[in-house]
Amino acid sequence: ETGVTQSPTHLIKTRGQQVTLRCSSQSGHNTVSWYQQALGQGPQFIFQYYREEENGRGNFPPRFSGLQFPNYSSELNVNALELDDSALYLCATRGSGGANEQFFGPGTRLTVL
Amino acid sequence: AQKVTQAQTEISVVEKEDVTLDCVYETRDTTYYLFWYKQPPSGELVFLIRRNSFDEQNEISGRYSWNFQKSTSSFNFTITASQVVDSAVYFCALSGFAGGTSYGKLTFGQGTILTVHP
């Protein structure tokens, strides 16, 4: 148990729709990162939030956006869904300090039809 | 740019065999972290180990051991006396050190699917 939860577990959307995925972490974990894992691939870094501001972004278009809230929860929003957005979306949280150990949630499986 | 390569896509062994998973990385950072994660069918990434780049001592934890060689940019993972429960996808990952631009951003390899047969 990592103390990181994600919702929903599974989601099916159609191309062009918008989706919001949620992540909740342990108290004190003020950094959250989101990753996209396509089938058969390693996770790819989308972006990271620290104290409610984006603090690093991978090679993902602006239609991928996020929010982090004071209660250590966060959201990943994806607009104008494309078929290639079908993947497992993982959030990872960590506290302050130099240990850099990230705790991953169980993921949300998104299918875009 | 950072890159992690796991050349072995799939490995199949029989229970009690030893198995080594290879990981080679590229980075311009002088200090960095290396990780191994396990991903069972449930999908959640399970943290196994974190190693600082300035600590080249090998590490053993039960049946698991890790061999870090900075000279060859490799961080290999060995499971001794494998068990069926070890069957999973294993990922090697790299991130920058505190204060660097890639701190907190994990760059993963493609993963190695390990199947341990009874």
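Chain naming here is simple, since letters A, B, ... match the order of the sequence lines and numbering starts at 1 in each.
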Ring centroid separation for B:Tyr32 and B:Tyr25, is it under 6.0 angstrom? yes
Using the test ring-ring contact (aromatic ring centres under 6.0 Å, His included), find all partners of A:Phe69 that sit at least two apart in sequence or belong to another chain. none
Please tabulate, for side-chain N and O atoms in residues 108-115 of chain B, each donor-acceptor pair with protein atoms closer than 3.5 Å (sequence neighbours left out).
unit_1, atom_1, unit_2, atom_2, d
B:Gln110, NE2, A:Gln41, OE1, 2.9
B:Thr112, OG1, B:Gln8, O, 2.7

Per-residue contact mode, B:Gln6 against chain A (heavy atom under 4.5 angstrom): neither
Check: A:Phe45 ring centre within less than 6.0 Å of A:Phe47 ring centre: no
Does anything in residues 77-89 of chain A get under 4.5 Å of chain B by heavy atoms, and if so which residues? A:Leu88
Answer yes if the ring centres of B:Phe91 and B:Tyr37 are under 6.0 angstrom apart, and no otherwise. no
Using a distance-only test with no angle check, is there a side-chain donor-acceptor pair under 3.5 angstrom linking A:Thr108 and A:His10? no
Is A:Gln37 close to chain B through its backbone or its side chain, or both, or neither, when contacts mean heavy atoms under 4.5 Å? side chain
Mind listing the side-chain donor-acceptor pairs of residues 77-85 of chain B below 3.5 Å, one per line with the distance, residues two or more places apart or on another chain?
unit_1, atom_1, unit_2, atom_2, d
B:Thr78, OG1, B:Thr20, OG1, 2.8
B:Ser82, OG, B:Glu17, O, 2.8

